Every structure is written in C-alpha cells, then in structure tokens.
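Have a look at the structure below before the remarks.
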Amino acid sequence: MARLARTAGLTDVQEEILATVRTFVDKEIIPHAQALEHADEYPAEIVEGMKEMGLFGLTIPEEYGGLGESLLTYALVVEEIARGWMSVSGVINTHFIVAHMISRHGTPEQKQHFLPRMATGEVRGSFSMSEPDLGSDVAAIKTRARREGDDYVIDGAKMWLTNGGSSNLIALLVRTDEGAEKAHQNLTTFLVEKPSGFGEVLPGLTIPGKIDKMGYKGVDTTEAVFDGFRIGADKVLGAAPGKGFSFMMDGVEVGRVNVAARACGIAIRAFELAVSYAQQRSTFGKPIAQHQAIAFKLAEMATKVEAAHLMMVNAARLKDSGARNDVEAGMAKLIASEYCAEVTQEAFRIHGGYGYSKEYEIERLMREAPFLLIGEGTSEIQKTIISRGLLREYKA
C-alpha cells in the first residue's frame, strides 16, 4: 500500500507544490524545530523561506499576486508543515483566514490595498474574536465600536490572538449599534493595520506581550487592549457594518479545516516517530514492533491517521465546490483533533521512558496536540454544530 495520508485526484501543480513543501519541511523545519521550540523563539528564517516559496499568497487570487490555489491545496500544505512543527503552520493560519475573508467579502479598494502585500508576506494577518470572558459565545462580545463622524472609536479587550505581535493586520470582531434584534447582527469586522511588536503600538492599541503557553511555542499568542482607539469607517470589512459575524463564521469554517489539517500533520509525525522507534528498540530478543501489543497499537494509529486525513480532505473539497460545509468541517475538526491526541499519546507510550525526555521529539508533540482540541472551537462546540446540521437535514 501507499504511505499514509496520500490524496487521490491531485493535479500536477498540486503534487509539485506538496513535494516542494515536503522537502522544505524535512530540510528546514524538522532539524531546527526542537531547538526553536525549547527556546520559544520565533522561526524568522523559516518564515522567510515560506515567503520565498509564495506560501503566504497560496490562496490569494492571481490578479492580486497570489497563486490562486484551492482550500484543499492549502490544507495539504498545512498538513505537511504541521508534520514538521505545528507552530510554523500557526504563522500562516490566521494570515490565510484574513486573506480569505478579504478576498470573499472585502470591497474592491480593500482587496487592492491589502491582498498584493499579503501575497508576498509583507502584510501578515491575525484574527480576533475571543475575549477574556468568552470564546465560542461570539454573540456575547463586549468590545465596542461607536461611530464618531467618519471614524469609529473602539474600547475593550481581546484575547488569544495568534500572531498578535508579529502581524501587522488584525481582522477584529466588535459590537456596533446597528439596532438589530438578534445579537449577532450587531457585530462588525474591522481591518486594523498596526506595526508589529509589543506595547502601545498605536494610540489606543496595546499588545501587552506574549502569553506563556504549555506548547505551541515560537508563534506569539497575545491579548489586544483597545482604549479609545480611532479607526476610519473605510476599514469596516466589506463596508458592511453588522455583517461581521457572518464574515467571521466563513473564516472559521476554513479555519476548522486548517485545524483538522494541523492535527493530521501532528498525528502523521507521531506515527512516523513511533513506527521508527518500535523497529529500533528491542525487548525480549526482538524489536518491540514484533510484539503484538505494539503492532496492534501501530495498526490502530495508522487507521486513525488515514480516517482523519480523508475527512479533512472531504471538508476542504466541499468548501472549494461552493457547498455549505459547516457540518463536514466540524466533523473533520472533531475527529482529527481527537485522533491526533490519541495517536500522539500512543506514540508516547511506545517510546516508554524516553518519551518523557525533552531530547525526544514526541515530548514536544505531547504538549502541542492538546491545543487542537480547543482551537477553532472545542470538541463539544463541534458536536453542537454537527447535531444542529443533522437535525436540519433530517427534520421529522
């Protein structure tokens, strides 16, 4: 059989892109990931390499300087990168979501202003919905923007911005007074341009510093505090106040495919480490891979990797077709993140005591995998989305 997680029906261009990325991961990411992760160091040289390959513009339309590739291509690229180091995939994930939102919903002026520079990586995006008191309950957002003439003034605090310090563009969801009866119709997305860095980066906008995390090191995760921050009305995404929730949910759908892809990448790497170690480590006179207890673990791990990959690919292809994919994206994110945690833990068990050592890569994966159970909505939120969709389709 072919190796795990291979995708049927790809074009020659897609195959070439993936082969190039796979080589980059093997040569430029995996050999350096451990040292960078342990130092919590931003992977600047790796990011420059991704810029040179055009990965920041992978899905941006060709008319704006991008490669114009599909969500499927992007998801498979993310899977490869996460196999090397999940934090690197995080550098481009929020950027991709913001670029997708601008491409789909931005005004012609916003597209022309942002997309060409996003394609080169000169402008890098981050994505902000969560707040200190809320995550999945988006309709309860407290950060507000009030209209003053041709501007808005924003006050409030946001939380969990991936690339919050290193990015120079934030897609920001806040509450505005649209007079709508439904809470989610009073939310607006702003495109906030800012310098990279920490502290008060603009009058009224402070990025306090990096949040120290269990895993997902290297990439910066931050808060953002707005205190009388003034922004022009022309920075409302799509020039459409009150439409921010639907724009963000469109972004979250592709984000869930991305998280599923990252989970697949980590699970693939965990399996690779486990199957290699199991053939090198011997007990009772033979490699542990020849003991049925270990062989069965490897069989189950490989099956979970393959199943998660197939569901991720299906969700990406549905989105590319223009069909609604909220249920399929939720299913893919649910199964991929849960299987990733299980496969990684089994790889850890196969490594025995060595898996607990920071010298071994599996220790890092054990700290990274849990993040995917939470990012872009917990497993319980995915089950809520899936069940609502099923009840909608199978209405009695």
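Since this is a predicted model, take the numbers as computed values, not measurements.
Counting only distance, with no hydrogens or angles, the side chain of Arg147 and the backbone of Gly149 share a donor-acceptor pair below 3.5 Å. Listed for the Thr94 side chain is a donor-acceptor partner under 3.5 Å among the backbone atoms of Gly125. The backbone N or O of Gly204 lies less than 3.5 Å from no partner atom in the side chain of Asp227, so there is not a single donor-acceptor pair. Of the possible polar contacts, none joining the Thr378 side chain to the Ile374 backbone as a donor-acceptor pair under 3.5 Å is found. Gln110 places a side-chain N or O within 3.5 Å of a backbone atom of Thr107 that can act as its donor or acceptor partner. Between the Asn186 side chain and the Asp177 main chain, no donor and acceptor come within less than 3.5 Å of each other. Remark: side-chain polar atoms of His291 are paired, donor with acceptor, to backbone N or O of Thr283 under 3.5 angstrom.
Considering only heavy atoms from C-beta on, Ile211 comes within 4.5 Å of Trp160 through its side chain. Between Arg146 and Arg175, every side-chain heavy-atom pair lies at or beyond the 4.5 Å cut-off. Side-chain contact between Thr7 and Arg317: present, with at least one pair of heavy atoms (C-beta onward) separated by less than 4.5 Å. The shortest distance between side-chain heavy atoms of Ile385 and Arg256 falls below 4.5 Å. Looking at Pro116 and Thr120, their side chains never come closer than 4.5 Å, going by heavy atoms from C-beta outward.
Using modelled atom types and a 3.5 Å distance limit, the side chains of Ser357 and Glu363 yield no donor-acceptor pair. For the 3.5 Å distance criterion, the side chains of Thr20 and Glu16 fail to qualify, holding no donor opposite an acceptor. A donor-acceptor contact closer than 3.5 angstrom is absent between the side chains of His95 and Ser167. Side-chain contact of Glu338 with Ser379: a donor-acceptor pair under 3.5 Å is present, judged by distance alone. Looking at Thr206 and Glu200, their side chains never bring a donor and an acceptor atom within 3.5 Å of each other. For the 3.5 Å distance criterion, the side chains of Ser196 and Asn168 fail to qualify, holding no donor opposite an acceptor. Using a 3.5 Å distance cut-off with no hydrogens or angles, the side chains of Thr221 and Lys213 do pair a donor with an acceptor.
In this structure, His100 and Phe96 have tilted ring planes: the angle between them lies in the 30° to 60° band. Between Phe245 and His184, the two ring planes are tilted [angle within 30° to 60°]. Between Tyr360 and Tyr354, the ring-plane angle classifies as tilted under the 30° and 60° cut-offs.
For the side-chain contact (heavy atoms from CB on, under 4.5 Å) with Ile81, the qualifying choice from Val91, Val21, Asn93 is Val21, the only one to do so.
Here the straight-line distance linking atom CG of Leu169 with atom CZ of Phe127 works out to 12.0 Å at 0.5 Å rounding. Here the CG atom belonging to Leu237 is positioned 10.5 Å from the CZ atom belonging to Phe190, to the nearest 0.5 angstrom. A distance of 14.5 Å separates CD of Glu359 from CZ of Arg364, quoted to the nearest 0.5 Å. For the atom pair CD1 of Ile97 and CD of Glu253, the computed distance is 11.5 Å after rounding to the nearest 0.5 Å. Once rounded to the nearest 0.5 Å, the distance linking CZ of Arg6 with CD of Glu15 reads 9.0 Å. Note that CZ of Arg83 is 11.5 Å distant from CG of Leu365, once rounded to the nearest 0.5 Å.
Ion pairing of Arg324 with Asp326 is present here, as a side-chain N (NZ or NE/NH1/NH2) and a carboxylate O approach within less than 4.0 Å. A salt bridge does not link Lys297 to Glu300: none of the charged nitrogens lies less than 4.0 Å from a carboxylate oxygen. A salt bridge between Lys333 and Glu376 is absent, with no side-chain N of the basic residue lying under 4.0 Å from a carboxylate O of the acidic one.
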Let me see the working for Asp155 and Arg144 under salt bridge (charged side-chain N to carboxylate O under 4.0 Å, His left out), right down to the final yes or no. CA-CA 6 Å; Asp155 292 286; Arg144 290 184 175 273; over 6 Å; no
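The local environment of CD in Glu148 is crowded, with over 12 non-hydrogen atoms from other residues, nucleotides or ligands closer than 6.0 Å.
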